[in-house]
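Please read the structure below before turning to the comments.
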Amino acid sequence: MIKKDDNLEVARHSLAHIMAAAVFELWPNVRFAIGPATENGFYYDFDFGKDKVSENDLIKIEKKMNHIIRRGLKFEKSELSVEEAINKEKKAKQLYKLELIQDLKKGGEKKVCYYELGNFKDLCRGPHIESSGKIAKGSFKLTKLAGAYWRGDEKNKMLTRIYGVAFASKKELDEYLNMLAEAERRDHRKIGKEQGLFIFSDLIGPGLPVYTDKGAIVRNEIIKYSNELQREIGYNEVHTPNINKAELFKISGHYDKYKDDMFRVASNYSDEEYYLKPMNCPHHTQLYGSRKRSYKELPYRVSDFANLYRDEKPGELSGLSRLRCFSQDDGHCFCREDQIKDEFVSVLGVINKAMKTYNMEYEIRLSLWDPDNPDKYLGDAKVWEKSQKLLEDILKENKISYRKKEGEAAIYGPKMDLISKDSLGREWQISTIQLDFIMPERFGLTYVNEEGKEETPVMIHRAIVGSPERFMGILIEHYAGAFPVWLSPVQVKIISVGEKHIDYCRKLAGEFAENNVRVEIDDNNETVGNKIRKAAGEKVPYVLVIGDREMSSEKLAVRDRGKTKIREIAKDKFVKEIEEKVKHRIFEL
RNA sequence: GCCGAAAUAGCUCAGUGGUAGAGCACUUCCAUGGUAAGGAAGGGGUCCCGGGUUCAAAUCCCGGUUUCGGCUCCA
């Protein structure tokens with residue numbers, strides 16, 4: 001057991017050191033980079049040179065680590081002058097350590113710290129646990145091997161990073177590993193395949209999902225709900241094309257920054273540069289600017305579900321989380337400065353409502369610019385200061401708690417991001433509301449004020465669930481595939497007992513369908529038990545078994561998802577129940 | 001894009017140089033079923049694609065595609 005006086009982070013950091021010592025024993029020519037503690041464990045970056053290290057070696061390293069732990073070696077701290085350290089690392093050809101020390105020297109350091117464990121001495125600020133023997137038996141595990149750039153810069157050499165997870169006890173480690181296993185069971189890619197919601201095709205291309213009829217139901221329900229919420233606060237849906245001239249993005253500023261991440265489209269009849277659009281905002285500026293606007297028309301609000309295309313790097317694609325073709329419940333509001341607050345508050349209101357409906361918790365993050373890096377953004381410091389203060393005031397006035405994050409702003413302005421938590425406590429960024437003083441000016445948008453003078457409106461960019469596709473992936477994992485009734489692709493499964501009941505099942509299914517209930521019949525030549533098992537695996541909310549008893553009465557035998565007790569209910573009442581659940585988007589069954 | 005791993009039946013996977021396999025699914029037959037696997041038989045393969053080594057390649061090598069775990073990126 002790791003003693004109480006040694007906190008977990010220190011122990012994790014020490015494990016990284018122990019791993020490095022183990023690696024040093026196995027590969028004496030290895031070069032060391034850095035090895036910090038992480039949220040759930042630790043890692044160390046190594047340069048193995050020509051040696052190939054694979055996942056199989058993790059077991060070997062782990063054994064060696066356990067050996068070091070059993071020996072109960074002391075962590076001996078010592079200090080060297082910067083010059084001595086530089087000489088030492090030069091001699092040992094530890095060029096990464098050398099670079100680190102040289103940087104410390106530039107920062108004015110005179111002395112550096114070393115920790116020695118057995119015969120392995122590593123540059124390290126510490127602190128460490130007293131002895132390797134303090135690590136609890138079975139409290140850590142090496143999990144994966146991955147590439148990582150030296151100092152996180154893709155221009156630098158790729159090192160080999162070995163990850164480990166570590167906790168105060170074996171019990172806590174096991175709990176964590178169980179959580180990972182649960183996350184794996186809920187993986188939207190796996191459930192999406194099992195439930196037949198979407199597919200990818202080598203012929204269509206990576207990151208380009210195809211939704212089945214069932215998947216399209218879920219996607220459409222998400223969009224439908226988002227549209228309802230948007231209409232509630234005055235946003236009306238518009239429709240825009242998927243390609244446009246480069247000029248549009250040159251004016252918006254996206255061309256300079258994101259040109260390499262956009263798909264270029266060739267025309268046979270013109271030399272004009274066209275692109276598939278990666279976002280809707282510039283298009284909406286054209287709608288606004290299509291005629292002269294009066295202050296009386298403001299706020300002018302539009303929303304759009306057009307497909308968006310981004311040429312993401314191949315390694316960045318992942319299931320529905322990161323796609324090359326997706327959409328957004330993307331809305332833009334053009335308004336006067338004195339209308340900003342009300343607009344933000346109304347959007348925050350519907351987002352809150354949406355998250356309640358989806359049964360998700362969330363918190364607000366205020367994403368600000370990085371004042372040390374003004375070149376990353378459009379517009380001058382004064383506008384940024386002003387708009388950031390405005391957003392913070394809105395949160396304060398409405399007593400909404402928030403976290404601030406510098407350097408996370410959009411290029412055109414600060415934003416409020418909504419970080420939601422799923423049932424496993426994992427965080428996802430979903431909604432966003434962004435303030436933009438830049439874009440309207442760049443496009444020369446104006447409105448005529450009360451005095452007949454032209455003024456520039458402010459633009460607010462916002463999304464409620466962000467990308468419906470990505471959100472669908474998040475929901476699959478959040479619900480572990482058990483969608484609430486209103487989102488379920490199949491709401492009722494009808495199981496026939498015998499062959500003579502099939503006609504009646506079809507008649508019943510017809511009645512359900514007429515009442516907009518999504519229904520499926522399982523009339524396979526199988527036992528009732530087997531058909532129940534399959535329906536349960538599909539996470540269908542309601543399963544009906546139809547036999548002689550049901551045919552001779554108006555009562556239905558309903559099996560609710562997750563329950564084994566059978567409920568008897570009149571057919572009309574059951575249909576009404578589903579209608580209510582769908583109408584009010586009730587989460588519980 | 002970079003580092004590493006993987007791709008075999010519809011699905012999950014076994015097979016490591018010598019006749020392509022299992023479970024589930026599917027089809028047919030028997031059973032006519034009552035709330036989480038009834039029985040039997042059968043069909044089903046571009047072993048991701050292209051090249052190479054070999055008497056012989058699903059298996060070894062090279063290139064490509066796609067996927068996965070990371071890194072970098074994410075308007």
Side-chain angles (χ1 to χ4, degrees), chain A residues 43 45-48 52-58 143-163 184 187 189-190 193-194 196 200-207 249 252-262 277-282 308 310-319 321-323 328 330 376-378 408-413 415 429 432 434 436 439 461 463 467 470 495-502 524-537 543-550 557-560 563-567:
Chain A
Y43 68 78
D45 285 347
F46 303 100
D47 182 351
F48 286 98
K52 287 260 176 268
V53 176
S54 75
E55 303 252 337
N56 301 332
D57 294 312
L58 295 186
T143 48
K144 56 198 162 199
L145 200 116
Y149 299 105
W150 166 235
R151 303 202 136 173
D153 188 334
E154 63 181 323
K155 288 183 198 79
N156 286 340
K157 188 170 172 160
M158 175 71 67
L159 306 173
T160 304
R161 177 171 297 178
I162 300 178
Y163 282 96
E184 204 172 311
D187 192 318
R189 293 168 298 198
K190 185 169 160 273
K193 202 182 232 177
E194 284 166 1
F200 288 92
S201 153
D202 282 8
L203 288 177
I204 293 170
F249 295 128
S252 71
H254 291 105
Y255 185 89
D256 280 344
K257 197 170 175 199
Y258 297 112
K259 182 173 173 281
D260 292 343
D261 301 317
M262 295 196 283
K277 72 166 164 183
M279 86 284 290
N280 296 306
C281 11
L308 304 173
R310 294 179 185 178
D311 194 6
E312 304 284 5
K313 291 182 188 172
E316 285 157 2
L317 301 170
S318 174
S321 320
R322 198 67 179 273
L323 296 164
Q328 285 182 349
D330 195 10
K376 269 175 71 182
Y377 309 91
L378 305 172
E408 295 281 315
I411 50 170
Y412 42 69
K415 54 181 184 169
Q429 192 201 308
T432 183
Q434 315 179 348
D436 179 0
M439 209 68 76
H461 308 242
S467 161
R470 196 176 101 96
I495 289 174
S496 55
V497 172
E499 227 162 273
K500 62 182 180 208
H501 311 116
I502 292 176
N524 272 311
N525 230 351
E526 276 299 339
T527 56
V528 171
N530 193 15
K531 288 193 269 194
I532 294 276
R533 191 179 64 90
K534 277 178 199 160
V543 176
L544 310 181
V545 174
I546 303 297
D548 290 341
R549 289 205 289 275
E550 287 69 29
V558 178
R559 187 188 169 106
D560 299 296
K563 291 181 189 150
T564 47
K565 208 176 163 212
I566 310 309
R567 167 161 74 102

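Chain naming here is simple, since letters A, B, ... match the order of the sequence lines and numbering starts at 1 in each. As a basis for the values below, the full set of heavy atoms in this structure was taken, side chains included, without hydrogen atoms, waters or symmetry mates.
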- prompt: B/C62 and B/C3: how far apart are their P atoms, nearest whole angstrom?
  reply: 14 Å
message: Heavy atoms only, 4.0 Å cut-off, all strands: where does A/Thr160 land among base, sugar-phosphate and nothing?
response: nothing
- prompt: Looking only at side chains, do A/Tyr163 and A/Arg161 share a donor and an acceptor under 3.5 Å apart?
  reply: yes
- request: Specify the separation, in whole Å, of atom CG of A/Asn156 and atom C1' of B/C3.
  value: 14 Å
task: Looking at every strand, decide which applies to A/Val528 at a 4.0 Å heavy-atom threshold: base, sugar-phosphate, or nothing.
output: sugar-phosphate
field: Value in whole Å for how far the P atom of B/A25 lies from CG of A/Asn525
entry: 13 Å
- line: Exactly one candidate in A/Ile566, A/Ile495, A/Val558 meets side chain to side chain contact (heavy atoms under 4.5 Å, CB included) with A/Leu544; the answer is A/Val558
5' precedence on RNA chain B between A/Gly529 and A/Glu499 (nearest-nucleotide basis): A/Glu499
message: Students often get this wrong, so: under 4.0 angstrom with heavy atoms, is A/Ala535 touching a base, only sugar-phosphate, or nothing?
response: nothing
message: Under a 4.0 Å threshold between the charged nitrogen and the carboxylate oxygen, would A/Glu526 count as salt-bridged to A/Lys531?
response: no
Sugar-phosphate or base contact per nucleotide [nucleotides 66-75 of chain B; S, B, -; heavy atom under 4.0 Å]: SSSBBBBBBB
- request: For A/Lys500, answer base if it contacts any base atom (sugar-phosphate contacts may also be present), sugar-phosphate if it contacts only those atoms, and nothing otherwise; contact means non-hydrogen atoms under 4.0 Å.
  value: nothing
message: Just to be sure I understand the rule, does A/Lys193 reach a base, reach only the sugar-phosphate, or reach nothing, if contact means heavy atoms closer than 4.0 Å?
response: sugar-phosphate
query: For B/G23, what is the paired nucleotide under Watson-Crick or G-U wobble rules, both distances under 3.5 Å?
result: B/C11
query: Residues two or more places apart in sequence or in another chain: which of them pass ring-ring contact (aromatic ring centres under 6.0 Å, His included) with A/Phe200?
result: none
- request: Using modelled atom types only, decide if a donor and an acceptor are shared between the side chain of A/Ser318 and the backbone of A/Ser321 within a distance under 3.5 Å.
  value: no
message: Output the rounded distance in Å from CD1 (A/Ile495) to C1' (B/A36).
response: 10 Å
message: Rounding to an integer number of angstrom, what distance separates B/A5 and B/A9 when you compare their C1' atoms?
response: 24 Å
- request: Can you tell me, in whole Å, how much space there is between the P of B/G15 and that of B/G52?
  value: 29 Å
task: Using a strict 4.0 Å threshold on nitrogen-to-oxygen distance, state whether A/Asp548 and A/Lys500 make a salt bridge.
output: yes
- prompt: What integer distance in Å separates A/Glu194:CD from B/A25:P?
  reply: 15 Å
query: Expressed in whole Å, how much space separates the C1' atoms belonging to B/G4 and B/U72?
result: 16 Å
field: Same-atom distance (P) from B/C11 to B/C48, integer angstrom
entry: 13 Å
task: Could you tell me whether A/Arg189 and A/Asp187 make a salt bridge, using a distance below 4.0 angstrom between a side-chain N and a carboxylate O?
output: yes
message: For the P atoms, the ones on B/A57 and on B/G50, what distance do you get once it is rounded to whole angstrom?
response: 14 Å
task: If B/A5 has a Watson-Crick or G-U wobble mate with both distances under 3.5 Å, name it; if not, just say none.
output: B/U67
task: Compare the minimum distances between each of B/U12, B/A36, B/A25 and the side chain of A/Lys534, then state the nucleotide with the smallest one.
output: B/A25
- prompt: Any side-chain N or O of A/Asn530 less than 4.0 Å from the OP1 or OP2 oxygen of B/A36?
  reply: no
Base paired to B/G50 (Watson-Crick or G-U; both N/O distances under 3.5 angstrom): B/C62
- request: Could you tell me whether the phosphate oxygens of B/U35, OP1 or OP2, come under 4.0 Å of any side-chain nitrogen or oxygen in A/Thr564?
  value: no
field: Closest-nucleotide ordering on RNA chain B, the 5'-leading residue of A/Leu159 and A/Glu526
entry: A/Leu159
message: Please classify the nucleic acid contact of A/Glu184 as base, sugar-phosphate, or nothing, using heavy-atom distances under 4.0 Å.
response: nothing
task: Determine the Euclidean distance between corresponding P atoms of B/C13 and B/A7; express it in Å to zero decimal places.
output: 10 Å
message: Without decimals, in angstroms, what is the distance between A/Leu58 CG and B/G4 P?
response: 14 Å
query: Does any nucleotide pair with B/U32 by Watson-Crick or G-U wobble geometry, both distances under 3.5 Å, and what is it?
result: none
task: Specify the closest pair of heavy atoms between A/Cys281 and A/Asp330, including all atoms of both residues, with the distance to one decimal.
output: N-OD2, 4.4 Å
message: For A/His461, give me all partners under ring-ring contact (aromatic ring centres under 6.0 Å, His included), at least two apart in sequence or on another chain.
response: A/His332, A/Tyr412
message: Taking the C1' atom in each of B/G34 and B/U28, what is the distance between them to the nearest angstrom?
response: 26 Å
- request: Ignoring the backbone of A/Arg533, work out which of B/G38, B/C11, B/A36 is nearest its side chain.
  value: B/A36
